[in-house]
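Here the structure comes first, spelled out in structure tokens, and everything after it is commentary.
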Amino acid sequence: KSHESKPVAWGYEGDIGPCNWHKYFPKAGGKRQSPIDIDTSATQYDGSFKPLRIHYDSHMCSSLTNNGHTFCMSVNSDQCNLSGGPLEDKYRLLQFHCHWGSDDTKGSEHTVDGHQYAAELHLVHWNTDKFKSADEAIEKNQGIAVLTAFIKAGKEHRGWNHVLSHFKDIKKVQGTSTVNEDFNPKCLLPENQTDYWTYEGSLTTPPCHESVRFIIFKEVVEVSSEQLAQFRSLCVCSSRKRDTGEDEHLVDNFRPIQPLNGRVVKASFQ
Ligand SMILES: COc1ccc(N[C@H](NS(N)(=O)=O)Oc2ccccc2)cc1OC
Ligand SMILES: [Zn+2]
């Protein structure tokens, strides 16, 4: 029997934290890693982008899972597609998830002029024109496109309640809940979908494949502080082994920013 490679544990703190990921996941030490700081004085306007086309249907059944690092809403509808903007091909929505912090002052992965937001939404899509499966696409250049929105504390976001209402079923690690309601993840995006930054980077979690085109909206989405607290209520795996055996609540599931290495961040707006 071939020896299955044992999955390597990784996390956001201690010796399995981001500084050591490269030891088991060599791509994490690559030249086009994510996230990055967006220095708005160095972005370059690109007038050649066509309008972004985000076509999601809402009759998709999906399941919400606590994967030990965040929640992940998987989508298995072939009707949720993304194209246009900086993209040459058509991409299909696979899942969405978020990154957040232990309080409202931190949590996003990307930063803008050094400013970190309270959380960051990632809608992960894979290139269905070039590849046969998401598992193939995640290792290939242009394989993945991640639509990204920053989140800050403010007024309550009613759309997010459709996701948060299922959190009680996935409080435990590897918990899964089936979500079969009429929910369209497009409601989680900002109103302004024409102004965004875009650059070529990587998965921000191991195996950190350098296959991702990030599209990051300029407009920030507001959710209430109570809703942000619900993100933090998820119990996830942590490197600290507590003898108390109490559930580990996640703190800071965001990767630190990575060197730009000469990459240029394009802007769809002037
Ligand atoms: C299509 O296959 C994958 C897609 C994505 C990621 N990792 C993803 N990276 S990110 N933050 O850049 O989107 O992080 C998470 C974080 C939480 C839940 C699921 C993904 C990993 C994948 O296979 C290993
Ligand atoms: Zn992510």
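Start at 1 and go down the list; that is how both ligands and their atoms are numbered. Below, all heavy atoms of this structure are taken into account, side chains as well, without hydrogens, waters or symmetry copies.
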Practice prompt. Please confirm whether H99 comes under 4.0 Å of ligand 1, counting heavy atoms of the residue only.
Written response: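 It does; at least one heavy atom falls under 4.0 Å.
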Discussion item. When you compare the side chains of D46 and S48, does any donor N or O come within less than 3.5 Å of an acceptor on the partner?
Written reply: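 Checked: D46/S48 side chains pair up, N/O donor to acceptor below 3.5 Å.
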Worksheet item: Is there a donor in the side chain of N141 and an acceptor in the side chain of E200, or the other way round, less than 3.5 Å apart?
Response: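 No - no donor-acceptor pair under 3.5 Å links their side chains.
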Considering non-hydrogen atoms of the protein only, which is the closest contact for [atom], and what is the distance?
atom: atom 3 (C) of ligand 1; value: I138 CG2, 3.7 Å
atom: atom 7 (N) of ligand 1; value: T205 OG1, 2.9 Å
atom: atom 20 (C) of ligand 1; value: Q95 NE2, 3.2 Å

Have a look at ligand 1 and work out which part of [X], if any, has a heavy atom under 4.0 Å from it: side chain, backbone, both or neither.
X: N67; value: side chain
X: D135; value: neither
X: H69; value: neither
X: T204; value: both

Discussion item. Evaluate T70 for polar contact with ligand 1, using N/O atom pairs at a separation under 3.5 Å.
Written reply: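 T70 vs ligand 1: no N/O contact under 3.5 Å.
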Fill in: SB check D89 K130 (cutoff 4.0 Å)
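Yes, this pair counts.
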Item to complete: Hey, can you tell me if W100 and F71 have their rings parallel, tilted or perpendicular (30° and 60° cut-offs)?
Response: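 Ring orientation, 0 to 90° scale: parallel.
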Worksheet item: Is the backbone of H97 close enough, under 3.5 Å, to the side chain of T70 for a donor and an acceptor to pair up by distance?
Response: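 No; judged by distance alone, with no hydrogens or angles, the pair does not exist.
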Worksheet item: In H122, what N, O or S atom is nearest to the Zn ion (ligand 2), if we give its atom name?
Response: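 Sorting the N, O and S atoms of H122 by distance to the Zn ion (ligand 2) puts ND1 first.
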Worksheet item: Does a sphere of radius 6.0 Å around NZ in K50 hold more than 12 heavy atoms from other residues, nucleotides or ligands, not counting ones at 6.0 Å or beyond?
Response: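 Incorrect, the count does not exceed 12.
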Worksheet item: Is K266 positioned over the aromatic face of F49, cation under 6.0 angstrom from the ring centre and no more than 45 degrees off axis?
Response: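 No, K266 and F49 do not form such a contact.
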Fill in: N, O or S atom of H97 closer to the Zn ion (ligand 2) than 2.8 Å
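Yes, since at least one N, O or S atom of H97 sits under 2.8 Å from the Zn ion (ligand 2).
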